[in-house]
Number of protein chains: 2
Amino acid sequence: MANTSSRTLRLLSLLQTHRYWPGAELADRLEVSVRTLRRDVDRLRELGYPVEAHRGVDGGYQLAAGAALPPLVVDDEEAVALAIGLRVAAQGAVAGIEEASVRALAKVVQVMPPRLRRRIEALRAATQPTVWGAGPTVDAGTLTTVAQACRDEERLRFSYTARAGEVTERHVEPHRLVSLGRRWYLVAYDLARHDWRSFRLDRLSEPRGTRDRFRPRELPAEDAAAFVRAGIDTIVAPLSVEVIVHAPAETLRGRLGAWATIDEIDATRCHLRMTTENLEWPIFALGVAGADFEVVHPPELTDGLREWATRFLRSTGTPAPTDRGAAARP
Amino acid sequence: MANTSSRTLRLLSLLQTHRYWPGAELADRLEVSVRTLRRDVDRLRELGYPVEAHRGVDGGYQLAAGAALPPLVVDDEEAVALAIGLRVAAQGAVAGIEEASVRALAKVVQVMPPRLRRRIEALRAATQPTVWGAGPTVDAGTLTTVAQACRDEERLRFSYTARAGEVTERHVEPHRLVSLGRRWYLVAYDLARHDWRSFRLDRLSEPRGTRDRFRPRELPAEDAAAFVRAGIDTIVAPLSVEVIVHAPAETLRGRLGAWATIDEIDATRCHLRMTTENLEWPIFALGVAGADFEVVHPPELTDGLREWATRFLRSTGTPAPTDRGAAARP
DNA sequence: ACATTGAGGTCAGAAAGTGACCGCTAGACC
DNA sequence: GGTCTAGCGGTCACTTTCTGACCTCAATGT
């Protein structure tokens, strides 16, 4: 443990956990002379990780932002936080970074000690609140297993529930994971059917990596996303919602945050605009808004609101009004 | 760039990005002989990062899960995903890991090249959907700045809006960040007032780290969390909600996921239980549930439901029923 | 002006790292 | 069972780097 590379790593980790370090203390911790420490610092700088130094009384070293990201040295808790955060991101909480999230997640999970995996598993119950309306969520374990198989060029077995409902056992050469509109797809070469297929990850269960590697084939399509897009019949059309809310824009922003686009009309009214794939979120937003409003668009939203309202009133014991009033609506 | 430690790091990064590597290819990439590669692998193993090897045809090396987490080598996109995931986690998406998330976030952000920070900033708009009902969210930038100042023992200036509304300028020695019930607090020694204070992070703006370090003082409390708890007058009492839903448990689970506790009563009814801090989430859940239900507990939920329902109906043009029906409720 | 702390040169001895060679062993495939 | 492949690990000689000690210089803050 006394060799140079390990010490360099340790130095990197020390610099990451605590910004300022007096040279003497670092030298002490690494059990080398100050001269050697300076040389170690130089080495890090040569590797592209800029270490800033301050001279004079209370001087010291600190790791600065550089051109490249240094290897991150994280402790157990941070690793768990990392994995959970990535998992949320991969579930589609933020558009556009799903693929990178899964890659990073696979990377972290692969090298993570079992005890940490157990901790993550224990926290799974809490992490579930990814209420994407009625959208089926993909199990994070499935996601990482499949992602690893793709990356490692390792054949994969799983059972797949087709749209019609029949369950089949598959053996494939995984090619790429694609995230399209809140859904994950696996593009893979099906070894039994001798052809390329795309699989919806929420219909896929018990993926098992066979320890069996393969040479990647060439996909007969521009890229994996294009292949998936070509195979999908129903694309979830995003709904655009527009409502006039009878509340000051400022109040509404305070309640909803940056969750919807809010434009002022006058001192007491504003426009609320959202784009989603289901109606539950806009309804929720209008509930949270806590003010009266008029739906501009789309009519389905009105229907949804009426449906919720009647059910809610039924539960309170208030008799729901007849539908005649609604029919009178222009 | 030809020295040993840099090569060891590169080897680690190669092993992290791609699970199986034939020894010859690794040796080739690192521009050393196979013998030296073996020695490098040995070195990694000595450092506690277990590298598994497979012999025979198609053999190779792979990084396995060990006792300690190796330094993570991530690329740009993964770093962005990481930061965004951590940011979501820090905002309180998952209970119990907020502090670790912030620590990790501070760590990543500190060494992150500016171009990546800009990319994260660009994605900020998308990451906002942290709809914590009416709970004010903390700006992630504020969070990391303050976290760094705590970690680095660096004095901090910021402006603070007190409960009453007046804005004051503060100069403090930050001690610790505490996350309590969806809120972030900074425990710090106020240099102007010569005493310890706790600050709500959502009331704090424009934090600026002075490049001015200090020796940490001792906090006159058991720990920072206890100090904050002692200073809070209103603790948000968690509400426990119980509803009987007229739908099979299985159906409900499919719609709500693991978001609430669902226990079967009989084939057509089930118990739905949730614990939250505000009523908006249970109402939303009941809306998404899409079935009739009866509120068991608490009465406020019924009030909330009636309030939403009447507003919703008003918007559809359906006249809201009078409140007499509700008064007839037992 | 002075103490403090980092920067960096030089030197000599110690400690590694390196490639070339060797025979060995565990799998995979015929 | 034989054979091929690819990792394992020992030894040796040579080279390179590393290290601590010593030195002077350069910022920085009091």
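The chains referred to below are lettered A, B, ... by the order of the sequence lines, with proteins before strands, and numbering in each begins at 1. Reckoned from all heavy atoms, side chains included, excluding hydrogens, waters and symmetry mates. A quick note: this is a predicted structure, and the numbers were derived from the prediction, not measured.
Look at CG on A/Asn3: it is 14 Å from P on C/dA15, rounded to the nearest Å. Counting to the nearest Å, the C1' atom of C/dT4 and the CZ atom of B/Arg213 are 13 Å from each other. Spacing between atom CG of B/Leu37 and atom P of C/dT18 amounts to 11 Å, rounded to whole angstrom units. One can place CG of A/Leu30 at 15 Å from C1' of D/dC18, the figure rounded to the nearest angstrom. Here C/dG6 presents its P atom at 13 Å from CH2 of A/Trp21, a figure rounded to the nearest Å. Atom CG in A/Asp58 sits roughly 11 Å away from atom C1' in D/dT28 (whole-Å rounding). The nearest whole Å value for the distance from the CG atom in A/Asp40 to the P atom in C/dG8 is 14 Å. Rounded to an integer number of Å, the gap from A/Arg7 CZ to C/dA15 C1' is 12 Å.
With a 6.0 Å radius and a threshold of 12 heavy atoms from other residues, nucleotides or ligands, A/Arg151 has its CZ atom above the threshold. The 12-atom threshold is not exceeded at CD of A/Glu222, counting heavy atoms of other residues, nucleotides or ligands nearer than 6.0 Å. Summarising the local packing, CD of A/Glu166 is surrounded by more than 12 heavy atoms from other residues, nucleotides or ligands at distances under 6.0 Å.
Contact of A/Arg39 with D/dG20 (side chain to base): a donor-acceptor pair of N or O atoms is detected under 3.5 Å.
Comparing C/dG6, C/dT18, D/dT19 by their closest approach to the side chain of B/Thr4 singles out C/dT18. Among the nucleotides C/dT18, C/dG8, D/dG7, the one closest to any side-chain atom of B/Tyr61 is D/dG7. Closest to the side chain of A/Arg38, out of C/dG19, D/dT19, C/dA7, is C/dA7.
Side-chain contact between B/Val178 and B/Phe227 is absent, with no heavy-atom pair separated by less than 4.5 Å.
In terms of heavy-atom proximity, A/Asn3 sits nearest to A/Ser6 at OD1-N, 3.2 Å. B/Leu37 and B/Gly23 get closest at one heavy-atom pair: CD2-O, 3.2 Å. Contact record, A/Trp21 with A/Leu14: NE1-O, 2.8 Å, taken as the closest heavy-atom pair.
Sequence order on DNA chain C of the closest nucleotides to A/Ser5 and A/Pro22 puts A/Pro22 first from the 5' end. Between B/Gly23 and B/Arg35, the residue anchored closer to the 5' end of DNA chain D is B/Gly23, taking for each the nucleotide with the nearest heavy atom.
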Every protein N/O lying under 3.5 Å from an N/O of nucleotides 24-30 of chain C:
residue : atom : partner : partner atom : Å
C/dT25  : O2   : B/Arg55 : NH1          : 2.7
C/dA26  : O4'  : B/Arg55 : NH1          : 3.2

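For D/dC18, the OP1/OP2 oxygens have no side-chain nitrogen or oxygen of A/Thr36 closer than 4.0 Å. Close to D/dG20, at under 4.0 Å from its OP1 or OP2, lies a side-chain N or O of A/Ser33.
Relative to the six-membered ring of A/Tyr20, B/Arg213 meets both conditions, a distance below 6.0 Å and an angle of at most 45° to the axis.
At a threshold of 4.0 angstrom between heavy atoms, the contacts of A/Val32 are confined to the sugar-phosphate backbone, with no base atom among them. Nucleic acid contact class of B/Val34 (heavy atoms, under 4.0 Å, all strands): none.
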